[in-house]
Amino acid sequence: MQLISVNVARPRLLTGTARGDVMSSIHKRPVEGPVMVRRLNVDGDAQGDPTVHGGPDAAVYVYAFEDYAFWTTQLKRELASFGWFGENLTVQGASSDAMCFGDIWRVGGALLQVTEPRSPCYKLDHKMGIRYFAARFRRSGRVGFYNRVLEEGLIQAGDEAALVEPHPARVSIRLLSDVRHAKEVSVEDVERVLAVDNLPLSQRRHAERRMRRIKRMRGIR
């Protein structure tokens with residue numbers, strides 16, 4: 001894996017969103033040179049609404065470099081720069097299929113741990129200028145993932161990244177996202193998610209709700 005870009009933004013006012021005028025830091029831009037990754041964010045970055053974004057378990061958002069090619073094809077347009085999806089780090093090789101809940105990995109001088117997939121809101125629709133794009137993004141499974149910071153450290157574009165301690169359950173970010181958002185998912189996949197120790201409470205609740213829906217559809221008590 002390799003760090004392609006470090007992207008940050010300060011909160012700014014978004015006008016005319018689905019919920020009116022709101023503060024957001026989704027308009028991230030690449031920065032050059034070393035940047036410090038800290039327990040709650042990347043230097044130069046901040047959350048527009050800390051009541052629903054950020055925190056120790058969502059300090060750094062990562063998106064896969066490879067998924068830019070997918071969206072360029074899907075949308076039939078070039079994406080202006082990295083950070084387009086609101087990610088702090090654009091990383092080659094860090095796909096939602098490859099990275100799993102609980103994985104510990106190092107990029108530059110920072111040690112991170114994968115916590116959960118992103119489930120974007122209406123602000124991504126506004127950023128893209130496409131109605132219901134956030135729902136399309138979620139259904140794609142190419143959602144990226146949040147991380148907690150185990151060791152603060154300096155990073156910069158071009159740094160190598162490597163998996164240090166894979167989580168033994170190997171429940172991928174895509175699977176976690178699909179259990180919540182995909183049209184179809186198997187009982188076995190939901191059971192795999194529910195069997196994971198220390199799963200974030202929100203992810204466990206999504207999986208439990210999905211299991212109840214599957215059982216209702218199949219007439220299982």
Side-chain angles (χ1 to χ4, degrees), residues 3-32 35 37-38 40-55 57-92 94-97 99 107 112 114-147 155 157 173-174 176-178 180-183 202-203 206:
L3 178 59
I4 303 299
S5 183
V6 181
N7 317 294
V8 300
R10 292 293 185 183
R12 62 183 254 192
L13 186 67
L14 302 185
T15 60
T17 77
R19 299 188 184 179
D21 297 348
V22 295
M23 297 298 291
S24 174
S25 298
I26 197 170
H27 288 270
K28 299 195 190 302
R29 295 288 184 182
V31 293
E32 297 182 359
V35 182
V37 175
R38 303 191 188 276
L40 294 179
N41 55 27
V42 177
D43 275 4
D45 197 60
Q47 287 77 36
D49 184 356
T51 64
V52 293
H53 296 293
D57 290 338
V60 179
Y61 173 49
V62 172
Y63 201 67
F65 166 77
E66 293 84 353
D67 288 338
Y68 272 80
F70 171 83
W71 288 115
T72 295
T73 300
Q74 288 287 308
L75 302 175
K76 297 181 173 58
R77 76 191 222 199
E78 291 296 325
L79 302 177
S81 67
F82 297 119
W84 190 259
F85 298 101
E87 78 271 18
N88 298 115
L89 310 183
T90 314
V91 180
Q92 186 176 36
S95 72
S96 296
D97 290 305
M99 302 302 288
V107 54
L112 308 178
V114 178
T115 55
E116 59 185 325
R118 180 189 182 195
S119 182
C121 64
Y122 62 93
K123 294 173 187 176
L124 185 58
D125 296 347
H126 188 274
K127 169 73 184 293
M128 298 297 294
I130 301 173
R131 195 177 185 189
Y132 304 128
F133 179 77
R136 183 176 175 183
F137 184 85
R138 293 189 295 264
R139 289 194 301 269
S140 76
R142 300 167 185 264
V143 294
F145 54 94
Y146 291 111
N147 298 261
I155 62 172
I173 288 299
R174 181 185 287 269
L176 283 174
S177 182
D178 283 353
R180 182 177 180 184
H181 297 296
K183 290 183 178 180
S202 61
Q203 297 299 313
H206 295 316

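Taking Tyr63 as the reference, Phe85, Phe137 meet the ring-ring contact (aromatic ring centres under 6.0 Å, His included) condition, with sequence neighbours excluded. With sequence neighbours left out, the salt bridge (charged side-chain N to carboxylate O under 4.0 Å, His left out) criterion links Arg142 to Asp67.
In this structure, His181 and Val143 have side chains that are not in contact, with every pair of non-hydrogen atoms separated by 4.5 Å or more. Using a 4.5 Å heavy-atom threshold, the side chains of Asp125 and Arg131 count as separate. Between Asn88 and Val37, the closest side-chain pair of non-hydrogen atoms is not below 4.5 Å. In this structure, the side chains of Leu176 and Phe145 stay at 4.5 Å or more apart for every pair of heavy atoms. Side chains of Leu3 and Ile155 form a contact here, defined as non-hydrogen atoms less than 4.5 Å apart.
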Just list the side-chain donor-acceptor pairs under 3.5 Å for residues 22-31, sequence neighbours left out, or say none.
{"unit_1": "Ser24", "atom_1": "OG", "unit_2": "Ile26", "atom_2": "N", "d": "3.1"}
{"unit_1": "Ser25", "atom_1": "OG", "unit_2": "Ala46", "atom_2": "O", "d": "2.5"}
{"unit_1": "Lys28", "atom_1": "NZ", "unit_2": "Ser25", "atom_2": "O", "d": "3.0"}
{"unit_1": "Lys28", "atom_1": "NZ", "unit_2": "Asp45", "atom_2": "OD1", "d": "2.7"}
{"unit_1": "Lys28", "atom_1": "NZ", "unit_2": "Asp45", "atom_2": "OD2", "d": "3.3"}
{"unit_1": "Arg29", "atom_1": "NH1", "unit_2": "Ser81", "atom_2": "OG", "d": "3.4"}

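Considering every non-hydrogen atom in both Leu40 and Gln47, the closest pair reads O-NE2, 4.2 Å. Contact detail for Arg77 and Ile130: the closest heavy-atom pair is NH1-CD1, 3.9 Å. Nearest heavy-atom pair across Val62 and Glu87 is C-CB, 4.2 Å. Across Gly144 and Ser96, no two heavy atoms sit closer than the pair N-OG, 3.4 Å. Contact detail for Val8 and Asp43: the closest heavy-atom pair is CG1-O, 3.6 Å. Nearest heavy-atom pair, Pro120 versus Ala134, reported as atom, atom and distance to 0.1 Å: O-CB, 3.9 Å.
For the residue pair Tyr122/Arg19, the side-chain donor-acceptor check at 3.5 Å is not satisfied. Judged by distance alone, the side chains of Asn7 and Ser5 do bring a donor and an acceptor atom under 3.5 Å apart.
When the shell of 6.0 Å around CZ of Phe70 is examined, it contains more than 12 heavy atoms from other residues, nucleotides or ligands.
Rounded to the nearest 0.5 Å, atoms CD1 (Ile4) and OG1 (Thr90) are 8.0 Å apart. Separating the CG atom in Asn147 from the CG atom in Leu89 is a distance of 7.5 Å, to the nearest 0.5 Å. Separating the CG atom in Leu124 from the CZ atom in Phe133 is a distance of 5.5 Å, to the nearest 0.5 Å. Lys76 NZ to Trp71 CH2: the interatomic distance, rounded to the nearest 0.5 Å, is 12.0 Å. Between atom CE of residue Met99 and atom CG of residue Leu112 there is a gap of 8.5 Å, rounded to the nearest 0.5 Å. Atoms NE2 and OG1, from His126 and Thr17 in turn, are 6.0 Å apart once rounded to the nearest 0.5 Å.
With Glu116 as the fixed residue, the side-chain hydrogen bond (donor to acceptor under 3.5 Å, both in side chains) test singles out one of Arg180, Gln203, His206: Gln203.
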